[in-house]
Amino acid sequence: MNASLSIFQKLMLGLLLMFFLIIIIFWIIYRLNVTDIQEELKKNKIGEVKFMTSQLSTQFEQVLMNTTTMSEDHSVRGYPYVLQFGDAYSKYEAKLAIIDKLALNSASTSWNNTITLYYPDLKETVSSDSTLSFSTYNPPSQRLNKWVVHWEKDGSGYYSNLTRSHIGPLLIETRVSLDNLLKMMKQYSSGTPLLYDSFNKTIIQTGNSPLLEDTTGRIIPLIEGKSGFLSVDDNGTEYLLNYMKSDLLDLYFIDYHPMRQFIEPISQNNILFIFSIIVLLLISLIYSLVLRRQVQTPVIVLRKAIDKFDRGDFSSRVIDLHATEFRMLGNSFNRMAENTQRLIEQVLVAELEVTEARLKQYQAQINPHFLYNCLNYIQSKASIEDYESVTAMTLHLGAYCRYVQKIENIDSTINEELVFVEHYLSILQLRKRSMTFSIDIPPTMCMYRLPRMILQPLVENCIQHGIEPSLHPGHINISAEEDEQSLRILIQDSGVGIAEDRLSIVNQHIEERIFSENKVGTGMRNVHQRLKLYFGKRSGLTIQSKLSEGTCYIITIQKQEDNHAASIIS
């Protein structure tokens, strides 16, 4: 993670990570709940399936027991004797009596069933169903003591069981209609039942069963053993199945139900939970944005103000801090910055006053070394009777001395400064013929006023640090340009230039508002600070230079700041 992230960004990442972890944990818990539900469902359903399977076995067993009991009835056993030795009336009466007993026996169980007696020796049939009792003798051809399912053309069916009586030559067929099983399945409300007869390879299901035929075909091969639990997919719907085999028949009772019936309530709760999480996330984001406005934004404003203050812009202030705590902090910073700025300006004013005093002193006493050089020049030219050079030096030196001695004037016009600089350069040119200069300033700009002796230190810098160290002839050009916003005076030499690292030090030094012991660029610093104090903070001196290409000193005066400049020199 980037170490430069703000507190707000870290807070947002923390919130997103927290919600992401909540979603992951919730999903894990959801899957665990689904697994637990499946296990619990498996336990509960097995009990219900076991109960229903037991009910099926009990009903079939009760039907068979009634049949066995009926086979031992004396009327049933004595019916062959009546058929052999009785008259027609006694035969009919005996048959009706057996039919009544069979009907009564069938009605004694909760399942509707049909009992049919077949006497093979006499080719006689007696049944609780009158249509069978008076039909031709036609016993079923099926395995004995085995429940076999039969299907009718209309789709109905029945289970039949054929047993042989142990008392005499008698076959007993017991039929149980499939409607009894379907009725029991419809009463099963815990799930959706399905019956599978493994012996007859038959599936019995209610008409509202949602399982498709191909799905039941896929289920059957999976059924093994007496009981079990399965999970199948039917056209994208997952079903859970519990099954158990009846002890009396090869009949499996299968309970199945779609998983969504049990998971849907959890899913709805999950959706509600996720919606709540999203709402909480949005609320958290809104709260974070409000917090950012109340905390992060004031911190950024304070930091920018402090950075500007640290870079030397002592006018830096903070405004529009809405939070009470930060407003108090901003007011404290503003008071500190204002006091610091006032103190620095007082120090600067004092320093500039000292500078002006030194300048006046400098004006009062001409540089003796400069004067000695001029007098030596006059003497040497006079000795060779070069009166023209003596006259020129005398005139320029006199004008130079008169300008310097006007200590009562703090400022002057650009024209007066240029005349003074021209005399100074003419004196130097008389002494060093290889140096040339040119002045190109429009007359319309000559009447602007500026601090006195502001150009001469820069010209002197051009000569001492630019032209004199050079082995080639030097040239100084003074020009000016003007627009609606500012006035610019350019003093450019063709000297050796200034190295980039030294130029950086000089530029940094001239911007310092507090005086330091650094001697680099002291004269230029005084010029820069005097211009800012005289014309405003956006005015001043700029230095551009490259090695072997010369140096350009640019004086910039912002016109719109004239009325706001601190004229402490007057």
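Only heavy atoms go into these numbers, but all of them, side chains included; no hydrogens, no water, no symmetry mates.
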Exercise. Passes side-chain contact (heavy atoms from CB on, under 4.5 Å), I223 versus K245? Steps please.
Worked result: CA-CA 10 Å; I223 296 177; K245 184 179 180 182; over 6 Å; no
For this session: Quick one: do N161 and V63 satisfy side-chain contact (heavy atoms from CB on, under 4.5 Å)? Show the steps, please.
Result: CA-CA 10 Å; N161 183 277; V63 170; over 6 Å; no
For this session: Start with the C-alpha gap between L122 and Q84, add the side-chain angles, then the distance that decides, and say whether side-chain contact (heavy atoms from CB on, under 4.5 Å) holds.
Result: CA-CA 9 Å; L122 303 174; Q84 291 179 0; 3.9 Å; yes
Problem set entry | Check against side-chain contact (heavy atoms from CB on, under 4.5 Å), Y158 and H150 | CA-CA 5 Å; Y158 62 90; H150 299 271; 3.5 Å; yes
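More than 12 heavy atoms of other residues, nucleotides or ligands lie within 6.0 Å of OH in Y137, so this atom counts as buried by the packing criterion. Counting heavy-atom neighbours within 6.0 Å of Q508 CD, excluding the residue itself, gives a total of 12 or less. Around NZ of K146, the count of heavy atoms belonging to other residues, nucleotides or ligands within 6.0 Å exceeds 12. Within 6.0 Å of atom CE in M65, 12 or fewer heavy atoms from other residues, nucleotides or ligands are found, so the atom counts as exposed in its surroundings.
To the nearest 0.5 Å, atoms NE2 (H528) and OG1 (T542) are separated by 7.5 Å. Note that OH of Y118 and OG of S165 are 15.5 Å apart. Values are rounded to the nearest 0.5 Å. One finds the NZ atom of K123 at 10.5 Å from the CG atom of N138 (value rounded to the nearest 0.5 Å). Annotation: the span from E511 atom CD to K532 atom NZ amounts to 5.0 Å, rounded to 0.5 Å. Separating the CG atom in L171 from the OG1 atom in T163 is a distance of 8.0 Å, to the nearest 0.5 Å. Taking OG1 from T69 and NZ from K101, the interatomic distance works out to 13.0 Å, rounded to the nearest 0.5 Å.
Between L251 and L181, some side-chain heavy-atom pair lies under the 4.5 Å cut-off. Contact of the L178 side chain with the V149 side chain is registered, since non-hydrogen atoms from C-beta on lie closer than 4.5 Å. The closest side-chain heavy-atom distance from F60 to T174 is not below 4.5 Å. Proximity of N180 to Q59: side-chain heavy atoms (C-beta onward) are nowhere separated by under 4.5 Å. Residues L503 and I543 form a side-chain contact, since some pair of their non-hydrogen atoms from C-beta on lies under 4.5 Å apart. Contact check for Q544 versus I554: side-chain heavy atoms found under the 4.5 Å cut-off. Contact annotation: the side chain of M52 never approaches that of P193 to less than 4.5 Å [non-hydrogen atoms, C-beta and beyond]. In this structure, the side chains of K95 and Y79 come closer than 4.5 Å at one or more pairs of heavy atoms.
Across all their heavy atoms, I510 and L541 have their closest contact at CD1-O, 3.9 Å. Heavy-atom minimum distance, E484 versus K559: O-CD, 3.8 Å. Of all heavy-atom pairs spanning Q558 and S486, the tightest one is OE1-CB, 3.8 Å. In terms of heavy-atom proximity, A499 sits nearest to L547 at N-CD2, 3.6 Å. The minimum heavy-atom distance linking E173 with S160 is given by the pair OE2-CB, 3.7 Å. Shortest non-hydrogen contact noted between I498 and S545 is N-OG, 2.8 Å.
Between the side chains of S90 and D87, at least one donor-acceptor pair of N or O atoms lies under 3.5 Å. Side-chain contact annotation: S156 with D154, donor-acceptor N/O pair under 3.5 Å present.
By the 30° and 60° cut-offs, the orientation of the rings of Y252 relative to Y196 is parallel. The aromatic rings of Y159 and W147 sit perpendicular to each other, their planes meeting at more than 60°, with 30° as the lower class boundary.
N105 contributes a side-chain N or O that, together with a main-chain N or O of N66, makes up a donor-acceptor pair within less than 3.5 Å. Distance alone, capped at 3.5 Å, is enough to place a donor-acceptor pair between the T58 side chain and the S54 backbone. Distance alone, capped at 3.5 Å, places no donor-acceptor pair between the S75 side chain and the I98 backbone.
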